[in-house]
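Input: a single structure, listed below in structure tokens.
In this text, all values refer to a predicted model and were calculated from it rather than measured experimentally. Below, chain A is the first sequence line, B the second, and so on; all start at residue 1.
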Amino acid sequence: MKLKKFFEFAFSLIMPAAFLCLWSFIAWKMNKPAQLPAPGVIVDNFANAFDNFIGLGSIPRNVAYSLTRVAIGYSIGVALALPLGLIMGYYKSARLFLENLLSIFKPIPAIAWQPIVLGWFGVLSIARVFNLPYGETYAIWDNYKISMIFLIAFGTFYPVWGNVVFGVTSVQKTLIESARVLGASTWDIFFHVLLPGCTPHIVNGLRMGLTSSWVCLVSAEMLPGSMCGIGYLITHAYEVSRMDLVITGMICIGFIGALLDGIFRLISTRCFTWASHIQ
Amino acid sequence: METVIKVEHVGKEFDPGKKNALEVLSDVSFEVKENEFICIVGPSGCGKSTLLRILSGLESATEGQVLYRGEPLREPRREIGVVFQNYSLMPWLTVRENISLGLKFQRVNRQEIRKIVQEYLEMIGMESFAEAYPHELSGGMRQRVAIARSLASDPDVVLMDEPFGALDAYTRILLQKELLRIWNLRRKTILFVTHGVDESVTLADRILLMSRRNHNIVHTYDVDMERPRDRTDPRYGRLTQTLLEALEQEQVQEQRLR
Ligand SMILES: Nc1ncnc2c1ncn2[C@@H]1O[C@H](COP(=O)(O)OP(=O)(O)O)[C@@H](O)[C@H]1O
Ligand SMILES: [Mg+2]
């Protein structure tokens, strides 16, 4: 059994390993580190992650900024999408009232919002909005621009909202009725039937929303006024022809995104086994 | 004996006034007395579930009215419990939590809930499954839990819509016995919908036969046999035969109409 597990593990590593070999080989053949650095250079970057790269600070510092931005934008997006999704899923009138409006904005990618968001908010930051006194705290919070948070929140909103609406509407009618005949109030139905009934969909939505907000982060961090973060590291590294740093940044994004996704998947399979057994 | 439920000239039409309007019930009237066990038998599609849903307050009648102890019934109420055919347990709750659901909605205090739930777990013989989830149970066990859940809130009337319809023959007979045993412990008024003639003869004090043709109850049979009933009793066989013939007659007349 152990042996089988080991072979399965080894098997799943074949493609990544082949990719690395191919990359090394091409990098070596081309011999143009400014266009395609060898994997070793990237490994080196990670080994020295705490160095101050091209004046932008260390990798962990930039990752921390990016994660915080996502955390803020994501929370706002979820805080709007979750209640709205529940209400629209349950009340047909709410659905009729809001669905058209929301659907119009749905297909617009976050990047398309960039110009208009810049026009509205410019380089306005949380520090300025809350009128923090100048100093170290101001300097830190000045890195969280309203425009970035808007884009990330926007990217979060739709996947969460869509899944929650679908989740609520797909809760079995008999479950709601059996609660009603047991004397449930509307409130009870909301909290004891609809909410638990669609948690798997909510978790799924939260997971897709996180992936989406992480994708939006990069375009948010490419906005003017951005001075740090993994997205900024990538654009800036490109401007100074440090392709190795571009790739390092890309790997960070991929890796952290996959990690967050994995955590969510773990939660949903651990906590919602019942969901896969609904007839 | 006091009348618990009075059905007065109830009619039901789905999508009235539209092209696909469908009359399902018309001028249905009957009374249910305290502690009676009534079975409603009829071919599939004759409106049994619709009638039961109207009696539960989940659906409203388009004509006539239903009185519960003299009061018009407009929406579900605690005194009228329902056991659905299937899939009505909350899949995310354990057996114990499912049984406590109604009590929770009625804001009964925790200790009281624990006590009552324990009592019903024992009654249905499922103490050892208290922490199991519905998907871990067999169909028969799930229906036991569904029955316990509706009884736990101590309703006055229990409506059952083919609760054993999805079970295999052996489990069905087992659960029929169990239902009668529970009914002996907690005398409730029961309205039990089934398409099984045998089931109705085993369970009921009175059998109402519904017809798809008239959208109404066409025959009423009193079952004067002591319980537990014996399938080899000649009266059992005779009544079963009578019911089957009446159903067949319905079928024939329905086809003649086409
Ligand atoms: N909500 C509804 N809308 C329209 N037609 C319905 C609805 N519910 C049931 N019907 C129709 O009413 C008829 C009776 O259904 P039902 O009461 O479920 O019968 P039974 O339980 O006796 O099999 C069927 O023809 C069914 O298609
Ligand atoms: Mg039915």
Side-chain angles (χ1 to χ4, degrees), chain A residues 82 85-86 89-93 96 163-207 264-279, chain B residues 49 52-59 73 75-95 97-108 132-137 139 142-143 145-155 157-161 163 166:
Chain A
L82 202 56
L86 285 174
Y90 189 51
Y91 294 106
K92 198 178 165 212
S93 52
L96 283 174
N163 274 285
V164 174
V165 172
F166 174 73
V168 177
T169 47
S170 63
V171 170
Q172 293 229 8
K173 223 177 94 203
T174 25
L175 296 185
I176 299 171
E177 291 185 338
S178 60
R180 282 184 64 202
V181 297
L182 287 170
S185 62
T186 308
W187 201 250
D188 288 328
I189 287 175
F190 234 94
F191 285 96
H192 293 287
V193 185
L194 293 180
L195 201 57
C198 69
T199 4
H201 291 282
I202 293 180
V203 173
N204 197 28
L206 291 177
R207 182 178 151 205
F264 261 81
R265 226 179 22 223
L266 204 69
I267 294 175
S268 53
T269 46
R270 279 279 159 83
C271 304
F272 304 109
T273 29
W274 62 264
S276 53
H277 292 278
I278 299 183
Q279 303 80 359
Chain B
S49 296
L52 216 68
R53 287 172 61 80
I54 292 172
L55 294 177
S56 70
L58 286 169
E59 194 102 47
L73 184 77
E75 51 187 27
R77 51 189 299 166
R78 197 194 64 75
E79 294 87 344
I80 302 178
V82 184
V83 179
F84 295 91
Q85 176 167 14
N86 230 332
Y87 315 138
S88 70
L89 298 176
M90 308 296 160
W92 56 88
L93 297 181
T94 61
V95 166
E97 291 164 334
N98 263 296
I99 298 178
S100 33
L101 204 58
L103 299 164
K104 208 153 125 196
F105 291 151
Q106 285 142 42
R107 312 282 181 266
V108 175
Y133 286 89
H135 69 82
E136 298 168 308
L137 306 177
R142 281 182 219 173
Q143 287 311 77
V145 177
I147 291 171
R149 181 176 71 176
S150 81
L151 291 180
S153 1
D154 194 26
V157 183
V158 184
L159 310 174
M160 303 190 166
D161 190 359

Here the gap from A:Cys198 atom SG to B:Trp92 atom CH2, rounded to the nearest 0.5 Å, amounts to 8.5 Å

Report the residues that fulfil ring-ring contact (aromatic ring centres under 6.0 Å, His included) with A:Phe190, sequence neighbours left out, ordered by chain and then residue number.
A:Tyr90

Please look at B:Leu159 and chain A and tell me whether the side chain, the backbone, both or neither of the residue comes under 4.5 angstrom of a heavy atom of that chain.
neither

Contact class of B:Ser88 relative to chain A, heavy atoms under 4.5 angstrom
both

Can you tell me how far apart NZ (A:Lys173) and CZ (B:Phe84) are? Round to the nearest 0.5 Å.
9.5 Å

So for atom CZ, which belongs to B:Arg107, do other residues, nucleotides or ligands contribute more than 12 heavy atoms lying within a distance under 6.0 Å?
yes

Using side-chain hydrogen bond (donor to acceptor under 3.5 Å, both in side chains) as the criterion, list what pairs up with B:Glu97, not counting sequence neighbours.
B:Thr94

Within residues 181-188 of chain A, contacts to chain B at heavy-atom distances under 4.5 Å involve A:Val181, A:Leu182, A:Gly183, A:Ala184, A:Ser185, A:Asp188

Proximal to chain A - members of residues 98-105 of chain B, heavy-atom separation under 4.5 Å:
B:Leu101, B:Gly102, B:Lys104, B:Phe105

If we only count heavy atoms from C-beta on, is the A:His192 to B:Met90 side-chain gap below 4.5 Å?
no

With rounding to the nearest 0.5 Å, note down the distance linking CG in B:Leu58 to CD1 in A:Ile176.
11.0 Å

Against chain A, label B:Arg149 side chain, backbone, both or neither, depending on which of its atoms sit under 4.5 Å from a heavy atom there.
both

Please find the pair of heavy atoms, one from B:Gly57 and one from A:Arg180, that lie closest to each other, and give the distance.
O-NH2, 4.5 Å

Heavy-atom side-chain proximity of B:Pro91 to A:Leu175 below 4.5 angstrom
yes

